[in-house]
Colleague: 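Have a look at the structure that comes next, please.
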Amino acid sequence: MRHFIWRAGVVLLAWCSSSLSFADEADMAPGISDAQLAAIGQRWATALNAGDAASLRAVLDSEGLALRSAASFSANETEKAQFVRGFVNGTDRVVQGWIAEIESAEGQARFLKVHTFDGMRGPLLRYDLGDSGYNYVLLIVEARGSAAPRVADMFLATSGQRLSDTLGAVTRLIAAPDESVIGKVFGLTTVDQELAALFRTIGRLRLLGRFDEAYAMIVQLPEEVRNHRVMLNISLPLASQLGEDVYRDELARLARYHGDDPTTAFALIDYYVYEGDLDAAMKSTLAMERAFGKDAAIAELKAAIAIADGDLARARAHAQEGVGLEPTNESVRWTLLSILMMAEAYADGIRVLEGLEADFEYEFEGASFADNEVYAGFVKSPEYAAWAAKRGGGTP
């Protein structure tokens, strides 16, 4: 099945804790016009889609993000300065990780609009990641000193937080864990050296790409750590690399221990569908729509949930809404076509096929529909025969 949320990440984007973010005045981009914010959003999306690390880094204020992140964990000024210096020096690696997430999914970043949400104002982007789903990213822009406005932070739908909120602490937790950091992140009064060593092993295995071994180490953690939101936001991306059953188990754990946390709603859409709780899935999807506005992706999610509920009329209405909102979005066109085929609305389906040919340079012929159960009724229908004849006889 197509996954609704962004599951693909094993980079720092996904590693945020469950505490709610509290935006401040700086997050409203004071003194920066909507036109400037829109231009930054377009530059960010263009750079991601082109795999242009230099252009992406040019629009990122890595020092600003590092300073925000350093403020999120308890450390002395020397440690904070070291963190900022290390993060800035490692920016290329972070940027390449963001690009790799788009490329590995054969996805696309789309700038949607300038948007205000929960005390934050900035360019809103959607990452369309094929079978890996979607993520919404609100870029937080600052103009520090005399510098031009740049991206100094971002709010992520999958975590319900700003990236900086726990980036510093979680980076240290993975890269250089010690007893004080582990204690702070997980609220533990005592931390033994064995637990710190286990975290060091997890971090090393993750960096080596040995996700199955890293996940096996996570399973060994004490329950109060294993079930913490921070740990689940680390284990979920790892689980997604290891198969559907493992991923579902992690989602079930997230639902069991943090299902009442509103910041988990987006991440749990997959879980609700797996469990057949379509009302909860739709409720979460509508919450995302209220937060970020109507678009083709959310319309497609609503259509998919309606299909699962057996309501093809409602599914069709949602998909048609998506096409109207984003006529250049190919994915929602195919969703609408599938719904029309299931509903045996073949004449309308032919119009969608012709639209796909006109707008996306497809050339459909008889072989295009062979061995595909979705089109089994269509190719036997009078509508198909008439369409084939109109296109030159025989088969289209």
Side-chain angles (χ1 to χ4, degrees), residues 9 11-13 16 21-72 77 80-103 107-128 135-157 159 161-168 171 292-293 295:
V11 292
L12 293 175
L13 274 175
C16 298
S21 64
F22 296 94
D24 55 32
E25 179 62 26
D27 291 346
M28 289 294 291
I32 304 173
S33 69
D34 282 359
Q36 288 175 294
L37 292 173
I40 288 171
Q42 291 282 13
R43 286 176 61 193
W44 187 273
T46 299
L48 271 178
N49 293 332
D52 187 345
S55 294
L56 192 60
R57 179 161 184 170
V59 77
L60 173 68
D61 181 0
S62 57
E63 183 179 25
L65 176 56
L67 287 167
R68 282 169 163 252
S69 301
S72 71
E77 292 305 312
K80 288 182 180 180
Q82 289 174 341
F83 173 82
V84 171
R85 191 161 51 247
F87 185 86
V88 171
N89 289 338
T91 300
D92 286 341
R93 189 165 57 251
V94 173
V95 167
Q96 288 291 354
W98 293 340
I99 290 171
E101 294 299 332
I102 299 291
E103 290 181 344
Q108 182 181 42
R110 295 174 183 261
F111 167 69
L112 299 178
K113 58 187 173 182
V114 175
H115 187 63
T116 299
F117 168 71
D118 197 25
M120 295 167 285
R121 169 176 162 265
L124 178 66
L125 291 93
R126 188 183 71 232
Y127 294 171
D128 297 348
N135 195 15
Y136 291 86
V137 180
L138 183 70
L139 302 178
I140 296 172
V141 177
E142 282 187 331
R144 291 192 306 122
S146 59
R150 289 185 294 168
V151 176
D153 209 341
M154 60 190 73
F155 176 87
L156 306 165
S159 69
Q161 274 198 299
R162 296 173 300 186
L163 177 60
S164 66
D165 286 341
T166 56
L167 179 58
T171 299
F292 299 117
D295 70 356

Colleague: In Å, rounded to the nearest 0.5 Å, how long is the span from OG of Ser55 to CG of Leu60?
Modeller: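 These two atoms lie 12.5 Å from each other.
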Colleague: What I'd like to find out is whether the side chain of Trp44 reaches to under 4.5 Å of the side chain of Trp98, using heavy atoms alone.
Modeller: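 Yes - at least one pair of side-chain heavy atoms lies under 4.5 Å apart.
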Colleague: Sort out for me which residue in Ile140, Asp61, Leu138, Leu139 forms a side chain to side chain contact (heavy atoms under 4.5 Å, CB included) with Asp153.
Modeller: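 That would be Ile140; it is the only one of Ile140, Asp61, Leu138, Leu139 passing the side chain to side chain contact (heavy atoms under 4.5 Å, CB included) with Asp153.
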Colleague: To the nearest 0.5 Å, what is the distance between CZ (Arg57) and CD1 (Ile99)?
Modeller: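 Rounded to the nearest 0.5 Å, the CZ-CD1 separation comes to 12.0 Å.
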Colleague: Is there side-chain contact between Phe111 and Thr46, with heavy atoms separated by less than 4.5 Å?
Modeller: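 No, every pair of side-chain atoms sits at 4.5 Å or beyond.
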Colleague: Taking all heavy atoms of Arg144 and all of Gly64, pick out the closest pair and write down the distance.
Modeller: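 Minimum heavy-atom contact is NH2-N, 3.6 Å.
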Colleague: Rounded to the nearest 0.5 Å, how far does CG of Leu163 lie from CG of Leu156?
Modeller: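 That separation rounds to 6.0 Å.
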Colleague: Looking at every non-hydrogen atom in both residues, tell me the closest pair between Ala58 and Arg150 and how far apart they are.
Modeller: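 Looking at all heavy atoms of both residues, the closest pair is O-CD, 3.3 Å.
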Colleague: When rounded to the nearest 0.5 angstrom, what distance separates CE in Met154 from CE in Met120?
Modeller: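 One gets 12.5 Å once the value is rounded to the nearest 0.5 Å.
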Colleague: Parallel under 30°, tilted from 30 to 60°, perpendicular over 60°: which one fits the rings of Phe292 and Tyr136?
Modeller: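 Ring orientation, 0 to 90° scale: parallel.
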Colleague: Considering only heavy atoms from C-beta outward, does the side chain of Asp27 approach that of Arg162 to under 4.5 Å?
Modeller: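 Side chain of Asp27 against side chain of Arg162, heavy atoms only: contact under 4.5 Å found.
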Colleague: Please tell me if the side chains of Arg121 and Leu37 come closer than 4.5 Å, counting only heavy atoms from C-beta onward.
Modeller: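 Yes, side chains in contact.
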Colleague: Could you check Leu124 against Phe117 for side chain to side chain contact (heavy atoms under 4.5 Å, CB included), going step by step and ending with a plain yes or no?
Modeller: CA-CA 10 Å; Leu124 178 66; Phe117 168 71; over 6 Å; no
Colleague: Looking only at heavy atoms, what is the nearest atom pair of Gln36 and Pro149, with distance?
Modeller: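 Nearest pair, atom of Gln36 first, then Pro149: NE2-CG, 4.1 Å.
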Colleague: Kindly compute the distance separating CG (Leu125) from NE2 (His115), expressed to the nearest 0.5 Å.
Modeller: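 Atom-to-atom, Leu125:CG and His115:NE2 are 12.0 Å apart.
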Colleague: Report yes if some heavy atom in the side chain of Asp295 is under 4.5 Å from a heavy atom in the side chain of Arg110; otherwise report no.
Modeller: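 They are not in contact (no side-chain heavy atoms under 4.5 Å apart), so the answer is no.
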Colleague: Ala66 and Phe87: which non-hydrogen atoms are nearest, and at how many Å?
Modeller: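 Reported closest heavy-atom pair: CB-CD2, 3.7 Å.
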Colleague: Determine the minimum heavy-atom distance between Lys113 and Gly293, stating which atoms define it.
Modeller: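 Looking at all heavy atoms of both residues, the shortest contact is NZ-CA, 3.8 Å.
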Colleague: Is it the case that the side chain of Asn49 and the backbone of Ala109 share a donor-acceptor pair, with hydrogens and angles ignored and the cut-off at 3.5 Å?
Modeller: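 Looks like yes, one N/O pair under 3.5 Å.
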Colleague: Check whether any side-chain heavy atom of Val84 sits under 4.5 Å from a side-chain heavy atom of Lys80, and report yes or no.
Modeller: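 No, side chains not in contact.
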Colleague: Search all heavy atoms of Ala53 against all heavy atoms of Gln96 and return the closest pair with its distance.
Modeller: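 For Ala53 and Gln96, the tightest heavy-atom pair comes out as CB-NE2, 3.4 Å.
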